[in-house]
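Please see the structure below; I have some questions.
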Protein chains: 2
Amino acid sequence: MLFTKACEYGIRSVLFVAKQSLEGKRSTLKEIASEIEAPQPFVAKIMQQLVRGNVVVSVKGISGGFYIEPSQIKEITLTNIVFAIDKNFDSKLCAMGLKECSEVRPCPIHHTYKAIKKDIISMMDKSNLIEMAESLKNGTCFLSNLPKQPINNLQ
Amino acid sequence: MLFTKACEYGIRSVLFVAKQSLEGKRSTLKEIASEIEAPQPFVAKIMQQLVRGNVVVSVKGISGGFYIEPSQIKEITLTNIVFAIDKNFDSKLCAMGLKECSEVRPCPIHHTYKAIKKDIISMMDKSNLIEMAESLKNGTCFLSNLPKQPINNLQ
DNA sequence: CCTAAACAGGATAAAATTATCCTGTTTAGT
DNA sequence: ACTAAACAGGATAATTTTATCCTGTTTAGG
Ligand code: FES
Ligand code: FES
């Protein structure tokens, strides 16, 4: 598993908030947790970390919620999200658990894994939040497994 | 982190045992734990799982230890090792934690991550244990961070 | 046949991660 | 002012992962 559960929830939360923010809407904890199908109190903790990390903005009080300045959305990367939640995340570590991933003292899979790591880092740095948020809007990608409403809900 | 600590220790243990087996030597728990710099009782548990999973063979009693039939070494993959230790390991899961990684209902990073997953699976399936064990023998790769002996141990 | 070295496995403990609870503060609207 | 909806944050609980302990069994060698 590449990311911790907290990071997975965090990424999905931010993407939902980003999508809503593009439409000028704030998102409440309740909406976020329901949308991403995650426990609300845990999502609350994660959103707190994201606020402290300046990834999202929170507004207290009635009609409050979370949002991201639309002009900021394109600046945010998965790296930003993940590091706001998991200070210790490090995609640069050795796949076999050596304390240091090193070119001069490589583990047996270092050379193969190096290319994979590069791709992971690149994915995290170059992932375009606004493009992802727009795909969510278009319905070409999703944040949960099952459609919210059954398809056959006629009558 | 791609693998759990247990898997990391397991991979390193198997590689050490493989290297020793190429030289006709059995490895004791004490040797393995010391070589890979991991807690011996935890390594013991992991080795038990590897024995049950038919990755390594154990011999009880004095002058016992763990070994791998040299002819078998080239048959073992990282996938074998990891699944013997972590039944739930699944490199095919969604990077964002959706219950199912799906082409028809993809998460926002599915398409980028798909290629990475393919590389991970390929690394795990095609990694050549005998080549790695031989590199260990040659000293072109390593299982721990620091040389066992200080370099300046003259006199 | 006795001993010491080695693995096996159940039970338990410690640490980290995930999840929940409760109380407090903020704020729009009345 | 009062109220209800919303986030903040400390404390706690549950679960999973990591690590240890203890007792038992096996076996080569004297
Ligand atoms: S040393 Fe293991 S991945 Fe680089
Ligand atoms: S659906 Fe998320 S990686 Fe495939």
Side-chain angles (χ1 to χ4, degrees), chain A residues 1-14 16-17 20 25-68 82 84-90 97, chain B residues 1-14 16-17 20 25-68 82 84-90 97:
Chain A
M1 210 194 268
L2 184 54
F3 301 121
T4 62
K5 223 159 199 167
C7 285
E8 290 176 349
Y9 291 158
I11 295 170
R12 287 195 268 157
S13 297
V14 170
F16 175 65
V17 172
Q20 297 299 87
K25 294 181 199 154
R26 286 180 191 156
S27 313
T28 67
L29 270 177
K30 207 179 152 189
E31 290 166 341
I32 299 170
S34 150
E35 173 72 17
I36 72 168
E37 292 175 351
Q40 184 176 322
F42 194 27
V43 173
K45 286 296 174 214
I46 294 165
M47 292 310 292
Q48 283 173 26
Q49 295 182 281
L50 289 166
V51 169
R52 287 191 217 110
N54 299 308
V55 175
V56 300
V57 178
S58 74
V59 178
K60 278 186 183 178
I62 224 168
S63 89
F66 299 90
Y67 73 96
I68 305 172
V82 166
I85 295 166
D86 181 359
K87 258 74 184 167
N88 290 53
F89 180 83
D90 201 338
Chain B
M1 210 193 266
L2 184 54
F3 301 121
T4 61
K5 225 161 197 166
C7 285
E8 290 175 350
Y9 290 160
I11 295 170
R12 286 194 270 156
S13 296
V14 170
F16 174 65
V17 172
Q20 297 299 88
K25 295 182 200 154
R26 288 179 190 156
S27 313
T28 68
L29 271 176
K30 205 177 152 192
E31 290 166 342
I32 299 169
S34 151
E35 174 71 19
I36 72 169
E37 291 176 353
Q40 184 177 322
F42 194 27
V43 173
K45 287 295 174 215
I46 294 166
M47 292 308 293
Q48 283 172 26
Q49 295 181 280
L50 290 166
V51 169
R52 286 189 218 112
N54 298 309
V55 175
V56 299
V57 179
S58 73
V59 177
K60 280 186 180 177
I62 220 167
S63 90
F66 299 90
Y67 73 96
I68 305 172
V82 166
I85 294 166
D86 181 358
K87 258 75 184 168
N88 290 52
F89 179 84
D90 201 336

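Fair warning: this is a prediction, and the values are worked out from it, not measured in the lab. Any value given below was found using the heavy atoms of this structure, including those in side chains, with hydrogens, waters and symmetry copies removed. Labels below follow one simple rule: chain letters A, B, ... track the order of the sequence lines, proteins then strands, and each chain is numbered from 1.
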Classify the ring geometry between B/F89 and B/F3 as parallel (under 30°), tilted (30 to 60°) or perpendicular (over 60°).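 Ring orientation, 0 to 90° scale: tilted.
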Between the base of C/dG10 and the side chain of B/K45, is one N or O donor paired with an acceptor at under 3.5 angstrom?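 Between C/dG10 and B/K45, which were checked side chain against base, a qualifying N/O pair under 3.5 Å is present.
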In whole Å, I'd like the distance from the CG atom of B/L29 to the C1' atom of D/dA19.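 Atom-to-atom, B/L29 to D/dA19, this comes out as 14 Å.
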Relative to the 5' end of DNA chain C, which residue comes earlier, A/P39 or A/G61, by the nucleotide with the nearest heavy atom?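 Its nucleotide being nearer the 5' end, the pick is A/P39.
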Using a heavy-atom cut-off of under 4.0 Å over every strand shown, decide if B/A44 touches base, sugar-phosphate, or nothing.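 If one applies the 4.0 Å heavy-atom cut-off, B/A44 turns out to touch nothing in the nucleic acid.
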Rounded distance in Å - CD1 (B/I85) to P (D/dT17):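 In whole Å, D/dT17 P and B/I85 CD1 are 14 Å from each other.
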Can you see if the side chain of B/Y9 gets near the phosphate of D/dA19 - specifically, an N or O under 4.0 Å from OP1 or OP2?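 Indeed, a polar side-chain atom of B/Y9 lies that close.
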Taking any strand in view, what nucleotide pairs with C/dC7 in a Watson-Crick or G-U wobble way, both distances under 3.5 Å?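 WC or wobble partner is D/dG24.
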With a 4.5 Å cut-off on side-chain heavy atoms, are A/F66 and A/V51 touching?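 Sidechains of A/F66 and A/V51: in contact.
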What's the closest nucleotide to the side chain of B/F42 if the choices are D/dT18, D/dT25, D/dA8?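 For B/F42, the side-chain atoms sit closest to D/dT18.
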Determine the contact category for A/R26: base if any of its heavy atoms lies under 4.0 Å from a base atom, sugar-phosphate if only primed atoms, P, OP1 or OP2 are that close, otherwise nothing.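 If one applies the 4.0 Å heavy-atom cut-off, A/R26 turns out to touch nothing in the nucleic acid.
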Among C/dG9, D/dG9, C/dA28, which is the nearest nucleotide to the side chain of A/S63?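 From the listed options, C/dA28 comes nearest.
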Mind calculating the distance between CD (B/Q40) and P (D/dC22) to the nearest angstrom?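 Rounding to the nearest Å, CD of B/Q40 and P of D/dC22 are 14 Å apart.
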Rounded to the nearest 0.5 Å, how far does CD1 of A/I11 lie from CG of A/L50?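 Separation between the atoms: 10.0 Å.
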State whether B/S58 places a side-chain N or O below 4.0 Å from either non-bridging phosphate oxygen (OP1 or OP2) of C/dA8.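 The answer is yes; a side-chain N or O of B/S58 sits under 4.0 Å from OP1 or OP2.
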Calculate the interatomic distance between A/E37 atom CD and C/dA19 atom C1'; express it in whole Å.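 Interatomic distance, CD of A/E37 to C1' of C/dA19: 17 Å.
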Whole-Å distance separating the CD atom of A/Q48 from the C1' atom of C/dT26: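 Rounded to whole Å, this separation is 14 Å.
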Please answer whether the main-chain N or O of B/K25 pairs with a side-chain N or O of B/Q20 as donor and acceptor at a distance below 3.5 Å.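 Judged by distance alone, no pair lies under 3.5 Å.
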Quickly work out the A/Y67 OH to D/dC7 P distance and round it to whole Å.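 About 13 Å, once rounded to whole Å.
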Among C/dA19, D/dA19, C/dT25, which is the nearest nucleotide to the side chain of B/K5?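 Of C/dA19, D/dA19, C/dT25, D/dA19 is nearest to the side chain of B/K5.
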Nearest whole angstrom, please: distance from the C1' of D/dT17 to the CD of B/E8.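 So the two atoms are 13 Å apart, to the nearest Å.
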Please report, rounded to the nearest Å, how far the P atom of C/dG10 is from the CD atom of B/Q49.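 It works out to 12 Å between those atoms.
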Which nucleotide, D/dA5, C/dA4, C/dA6, lies nearest any side-chain atom of A/I62?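 Nearest listed nucleotide: D/dA5.
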Kindly indicate whether the side chain of A/I46, heavy atoms from C-beta on, has any atom under 4.5 Å from the side chain of A/S13.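 A side-chain contact under 4.5 Å is absent here.
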Tell me whether the side-chain N/O atoms of B/R52 come closer than 4.0 Å to OP1 or OP2 in C/dA8.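 No, no such contact exists.
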